[in-house]
Amino acid sequence: HYYFHYFQAKLDNLDYKIAQTTAVRTYIQNEITAIPSVKLNGDPLKRLPGNLNFSFEGIDGDSLRYLLEEKGICASAGSACNSSSSKPSHVLKALGLSDALSKSALRLSFDETLSIQEAVYIISSIKEVLSELWN
């Protein structure tokens, strides 16, 4: 009986959580894809609410992730399917990305607790780090 009420409460908030996460994802997606030489990997609409994957022309993905980590932003390489491997993601390769673009990939995963203020910080940090790496 307790478990039923627990899971029912979780489901009752599911629509809100999905809408909130999707709104923040769309905001980040629009801001980052507006940067020249950035590619959104995957369909812009048919994707998980809290998942974004970008590739950055001419950028070393390891350097990008390291500099973002110094700013307190945790991001991953490639696709979730092979984030533990140093090889180019087979998922990104199947989407038609070159080895270089696959190796420059940055995956952001988040949920409804990511605020717009935090999203603004992530966006400005990515822009700042890209500016450093492209110069």
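For the pair Ser124 (side chain) and Tyr121 (backbone), a donor-acceptor distance under 3.5 Å is present. The closest donor-acceptor contact from the side chain of Arg65 to the backbone of Asp60 lies at 3.5 Å or more, if one exists at all.
Other residues, nucleotides and ligands place no more than 12 heavy atoms under 6.0 Å from the OH atom of Tyr66.
Here the CD1 atom belonging to Ile73 is positioned 9.5 Å from the CG atom belonging to Leu64, to the nearest 0.5 angstrom. Within the model, atoms CG of Leu108 and CD1 of Ile122 stand 6.0 Å from one another, a figure rounded to the nearest 0.5 Å. Between atom CD of residue Glu112 and atom NZ of residue Lys17 there is a gap of 5.0 Å, rounded to the nearest 0.5 Å. Expressed to the nearest 0.5 Å, how far NZ of Lys39 lies from OG of Ser104 amounts to 10.5 Å. How far CD1 of Ile35 is from CD1 of Ile123: 8.5 Å, rounded to the nearest 0.5 Å. Separating the CG atom in Leu130 from the CG atom in Asn135 is a distance of 10.5 Å, to the nearest 0.5 Å.
Contact detail for Asn41 and Phe54: the closest heavy-atom pair is ND2-C, 3.3 Å. In terms of heavy atoms, Thr33 sits closest to Asn30 at OG1-O, 3.5 Å. The two residues Ser37 and Trp134 have their closest heavy-atom pair at CB-CZ2, 3.9 Å. Closest approach of Leu114 to Gln20, counting heavy atoms only: O-NE2, 4.5 Å.
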Please determine whether side chain to side chain contact (heavy atoms under 4.5 Å, CB included) holds for the pair Asn51 and Arg25, giving the CA-CA distance in whole Å, both sets of side-chain angles, and the decisive distance to 0.1 Å. CA-CA 7 Å; Asn51 183 284; Arg25 181 202 72 210; over 6 Å; no
Test log, rule side chain to side chain contact (heavy atoms under 4.5 Å, CB included), inputs Ile126 and Leu68: CA-CA 7 Å; Ile126 289 173; Leu68 288 173; 3.9 Å; yes
Go through the steps to decide whether Ile28 and Phe110 satisfy the test side chain to side chain contact (heavy atoms under 4.5 Å, CB included), and finish with yes or no. CA-CA 11 Å; Ile28 295 170; Phe110 49 90; 4.3 Å; yes
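Asn53 places a side-chain heavy atom less than 4.5 Å from the side chain of Arg47. Counting heavy atoms from C-beta on, the side chains of Leu133 and Leu67 come closer than 4.5 Å.
Every residue two or more places apart in sequence or in another chain that forms a salt bridge (charged side-chain N to carboxylate O under 4.0 Å, His left out) with Glu31 is listed here: Lys127.
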